[in-house]
Amino acid sequence: MLLKFKDLEEKCSSLQYVKDENVFYLQDAADKIVCEYCPKLNLDSEYDPLQYKYLFLHNEREDYSENSIFQVYIGEQRIGWIFPLQALLSNQHDYATNKFFLRYAYVASWLLLNNIKSENEKETSSEIFLEDFYDDSLTILVLDNDNISRLNESLNIEHYTVSLYQYGYSWSGRGNLDSQIEKPDKRIHLKPIAKELQQTKYIYTMFEKEIPKTREAFARFHTYYQVVEILISAVFEDKFKIFVDQLNKSVESLFDRREELGNMVLEKQRVKWLFAEYVSISQREKNILDEQCKKLLQENDKKVGSGMAENLYSVRCLLVHSMYMLSEYSQSILDDINKAFLDVIMDMLLTFKISKK
């Protein structure tokens with residue numbers, strides 16, 4: 001902690017919580033009380049804050065409130081709680097008397113106070129408030145190190161970036177404002193990105209920095225389609241490996257299979273293979289995206305294909321070659337395509353699997 005008021009010589013460098021008073025006292029190096037923090041909630045100091053860590057996330061959805069308080073699970077293991085910072089600043093929500101939340105609220109309050117970094121910025125005050133040092137629109141994810149150690153493998157929170165985004169949370173921007181999210185019932189179950197993609201760092205960068213940005217429809221579609229391009233590269237590698245393995249068993253078949261080799265370099269074919277063989281997307285999501293793609297193609301007198309994958313590829317071609325010709329109505333259709341496309345690419349990243357032929 002580093003808190004120094006501009007008109008006071010002493011620095012606050014430690015804190016003490018007095019349970020009977022429900023007060024945090026911020027002290028200088030000589031343990032002299034400089035100021036205090038009085039929580040709105042009646043905290044429970046059962047847990048040792050040093051066994052926990054926290055991360056900030058963003059979620060500014062209209063359906064997000066101080067009641068959006070959830071336990072976070074990976075598989076059957078609870079790894080922590082996630083809640084808006086506002087939930088620490090109010091006692092009017094549903095968890096205000098929940099003893100388990102109050103323990104996490106204590107941990108979160110202690111960690112936030114202990115991590116204050118403010119020197120010569122504020123005038124002396126006998127009482128401080130968290131919102132003086134932290135944006136109260138933030139969300140805090142509090143992680144239990146002991147519970148995390150019980151997982152089958154070490155936790156890399158990056159692997160869960162896409163899953164968090166599905167629930168509305170992002171590392172930057174305002175969160176996922178586009179998806180229709182089914183509100184969790186007390187628990188959030190996070191899923192990792194597909195193992196085959198966990199070393200592709202650019203995917204994390206996209207969801208951490210690019211996808212949360214507010215941008216025009218064409219730029220958003222282009223960003224989303226980069227996910228498809230990443231995956232069809234993996235599809236090509238897999239298909240080519242299978243081709244070579246089979247060719248080694250029968251070199252004589254090369255002439256007969258030259259058309260198959262030619263198909264591998266066609267982007268359209270790889271997109272079709274991707275959706276047919278490598279990912280698991282609900283039929284509902286496919287239908288929604290397909291209908292919007294067909295709508296845009298028909299509006300611009302383009303041929304409609306035989307399925308969602310083909311129509312998505314046709315939309316990509318339309319935007320690359322004729323984007324400047326799109327009407328305002330076509331732009332509005334593209335907005336609807338992007339909303340459906342976002343849901344699809346998140347499921348793609350979570351379910352992608354290389355074939356084992």
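Computed from heavy atoms alone, side chains included, the values below leave out hydrogens, waters and symmetry copies.
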Plane angle bin for Phe352 and Tyr278 - parallel if under 30°, tilted between 30 and 60°, otherwise perpendicular: parallel

Geometric class of the His222/Phe218 ring pair [parallel <30°, tilted 30-60°, perpendicular >60°]: parallel

Under-4.0 Å salt bridge between Lys40 and Glu66: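 So Lys40 does not pair with Glu66 through a salt bridge.
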
Salt-bridge criterion met for Lys295 and Asp336 (N-O under 4.0 Å): no

Aromatic contact, Phe83 with Phe101 (centres under 6.0 Å):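 Here the rings of Phe101 and Phe83 have centres that are less than 6.0 Å from each other.
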
Crowded around [X] [atom1]? As in, over 12 foreign heavy atoms under 6.0 Å?
| X | atom1 | value |
| --- | --- | --- |
| Lys286 | NZ | yes |
| Lys201 | NZ | yes |
| Asn152 | CG | no |
| Lys117 | NZ | yes |

Option among Asn176, Asp347, Thr161 that satisfies the side chain to side chain donor-acceptor pair (under 3.5 Å) test with Gln166: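 Output: one option passes, namely Asp347.
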
Intermediate values then yes/no, side-chain hydrogen bond (donor to acceptor under 3.5 Å, both in side chains), Asn59 and Ser68: CA-CA 10 Å; Asn59 190 335; Ser68 299; over 6 Å; no

pair Tyr95-Tyr104: side-chain heavy atoms closer than 4.5 Å: no

Lys19 charged N/C atom sitting above Tyr106 aromatic ring, 6.0 Å / 45°: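 No, a cation-pi geometry is absent between Lys19 and Tyr106.
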
